[in-house]
Colleague: 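I'd like to ask some things about the structure below.
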Amino acid sequence: MTDDLQILESLKDASTKELAFRHLISKYKERLYWHIRKIVLNHDDTDDVLQNTFIKIWNGIDAFRAESSLFTWLYRIATNESITFLNQRKRKSMTSLNDENQYLIDNLEGDSYFDGDSWQMLLQKAVATLPEKQRLVFNMKYFDEIKYEEMSLILATSVGALKASYHHAVKKVEEYVKSHETRIEP
Amino acid sequence: MYEEDHIEPDFAKRPQNPFRTPDNYFESLEDRIMGNIKVPKTKKSSSTKIIRFLKPVLGIAASFTLIFMLGYYSINTFMLEDTATTELTNPDSTDLLNDYSINLSSIDENSLIDAIFTDETNIFAETNPDEFLAYLSTGLNDVEIYSEIQN
């Protein structure tokens with residue numbers, strides 16, 4: 001039972017709801033985890049956000065009207081939960097607006113589950129310096145290779161605006177990497 | 001301007017995923033999530049909120065009541081002991097108490113009745129008739145006494 005329609009049908013029946021939700025978690029846990037992880041960067045934070053995401057999905061599944069695909073709906077919830085989480089953390093850490101992305105870089109450097117080399121760290125730092133929307137678009141397009149049409153439904157933004165955001169994001173990341181690449185020790 | 005779908009950054013390579021998870025992280029995820037979902041997040045009722053609000057007040061009131069009761073009990077106990085000691089150490093009261101206890105212990109119901117009637121009998125028995133007449137006639141002259149006797 002891996003088909004979304006079957007899962008949704010089973011979720012409507014109280015006797016099979018729990019089992020169906022387990023199938024839903026099994027099917028989407030890894031994709032949602034990596035989507036959240038690229039936004040919040042730290043594993044522990046990702047774990048918190050992922051659990052909150054599934055709790056939100058459980059609470060809202062009865063209201064899901066299948067106007068969009070289940071995958072899109074789940075991604076939208078995960079994205080919103082991630083952004084909400086980051087905003088809460090930034091407020092708690094009293095970070096100024098100019099340094100708000102420093103929180104993400106600190107989060108990345110403090111994560112014991114990051115195995116990347118110095119170049120990968122540089123790339124993640126470059127992405128962390130982007131404005132929120134551009135960062136989301138860059139992650140979804142460059143790392144997850146999600147189509148603009150689908151991204152448009154998840155982020156509730158037009159395809160044109162998403163392409164523009166991605167274009168600006170790529171330019172900024174390239175500039176950041178080029179300006180910092182020479183400082184990387186071989 | 002942005003119509004091209006595949007804008008690629010000018011990087012030498014597309015990096016592999018540099019992130020990892022703890023061992024077996026995904027295996028236990030369903031159980032942990034379902035465990036969290038099953039915990040009912042009940043909204044606290046207004047009565048619970050009132051109880052929570054009143055708890056400190058009730059605690060303070062209970063403390064004051066306890067202190068008052070302890071104080072009252074202590075004062076009551078010490079005051080009674082003091083009064084009893086005073087009465088017992090007073091010589092008059094001690095004698096009285098002793099007499100009373102002796103009399104009470106030596107007198108039963110029958111002997112008390114006997115004593116009452118015996119005493120009355122004795123009063124009349126021990127009285128001399130002449131003295132009795134003299135007592136009665138204290139307000140009368142001789143003629144009056146004579147006439148009384150004759151009648």
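Heavy atoms only: backbone and side chains are in, while hydrogens, waters and symmetry mates are out. Convention: sequence-line order gives letters A, B, ...; per-chain numbering from 1. If you're wondering where the values come from, they're calculated on a predicted model, not measured in any experiment.
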Colleague: From A:Phe54 CZ over to B:Asn36 CG, what is the distance, rounded to the nearest 0.5 angstrom?
Modeller: 12.5 Å
Colleague: Can you tell which part of A:Leu41 gets under 4.5 Å to a heavy atom of chain B, answering side chain, backbone, both or neither?
Modeller: both
Colleague: Cluster question for you: counting only ILVMFWY and a side-chain heavy-atom cut-off of under 4.5 Å, with indirect links fine, are A:Phe21 and A:Phe64 together?
Modeller: yes
Colleague: Examine whether an atom of A:Gln124 lies under 4.5 Å from a heavy atom of chain B, and if so say whether it belongs to the side chain, the backbone or both; otherwise answer neither.
Modeller: side chain
Colleague: Does A:Val173 belong to the same Ile/Leu/Val/Met/Phe/Trp/Tyr cluster as A:Tyr176, with side-chain heavy atoms less than 4.5 Å apart forming each link?
Modeller: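 As far as the 4.5 Å side-chain criterion goes, A:Tyr176 and A:Val173 are connected within one cluster.
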Colleague: Indicate yes or no for a side-chain donor-acceptor contact from A:Lys29 to the backbone of B:Glu30 under 3.5 Å, with no hydrogens or angles considered.
Modeller: no
Colleague: Within a 6.0 Å radius of atom NZ on A:Lys56, are there more than 12 heavy atoms belonging to other residues, nucleotides or ligands?
Modeller: no
Colleague: Going by side chain to side chain contact (heavy atoms under 4.5 Å, CB included), B:Ile37 matches just one of A:Ile55, A:Ile57, A:Asn59. Which one?
Modeller: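 Looking at A:Ile55, A:Ile57, A:Asn59, the match for B:Ile37 under the side chain to side chain contact (heavy atoms under 4.5 Å, CB included) is A:Ile55.
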Colleague: Measure the spacing between OG1 of B:Thr21 and OH of A:Tyr33 and express it to the nearest 0.5 Å.
Modeller: 5.5 Å
Colleague: Is it true that A:Tyr113 and B:Phe26 fall in one hydrophobic cluster, defined by side-chain heavy atoms closer than 4.5 Å?
Modeller: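 Not linked; separate clusters.
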Colleague: Is the shortest heavy-atom distance from the side chain of A:Arg22 to the side chain of B:Asp31 under 4.5 Å?
Modeller: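 Result yes, sub-4.5 Å side-chain heavy-atom pair found.
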Colleague: Out of curiosity, does A:Ile36 fall in the hydrophobic cluster containing A:Ile77 (side-chain heavy atoms, cut-off under 4.5 Å, transitive links)?
Modeller: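 Yes, it is one cluster - the side chains of A:Ile77 and A:Ile36 are joined through contacts under 4.5 Å.
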Colleague: Determine, stepwise, if the pair B:Tyr25 / A:Asp47 fulfils side-chain contact (heavy atoms from CB on, under 4.5 Å).
Modeller: CA-CA 10 Å; B:Tyr25 169 73; A:Asp47 185 47; 2.6 Å; yes
Colleague: Could you state the interatomic distance from CG (A:Asp115) to CG (B:Asn17), rounded to the nearest 0.5 Å?
Modeller: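 Answer rounded to 0.5 Å: 9.5 Å.
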Colleague: Is A:Thr46 close to B:Phe19 at the side-chain level, that is, under 4.5 Å between some pair of heavy atoms?
Modeller: no
Colleague: Linking I/L/V/M/F/W/Y whenever their side-chain heavy atoms sit closer than 4.5 Å, directly or via other members, would A:Phe71 and A:Met151 fall into one cluster?
Modeller: yes
Colleague: Say you draw a straight line from CE of B:Met34 to CD1 of A:Ile25; how long is it, rounded to the nearest 0.5 Å?
Modeller: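 It comes to 5.5 Å.
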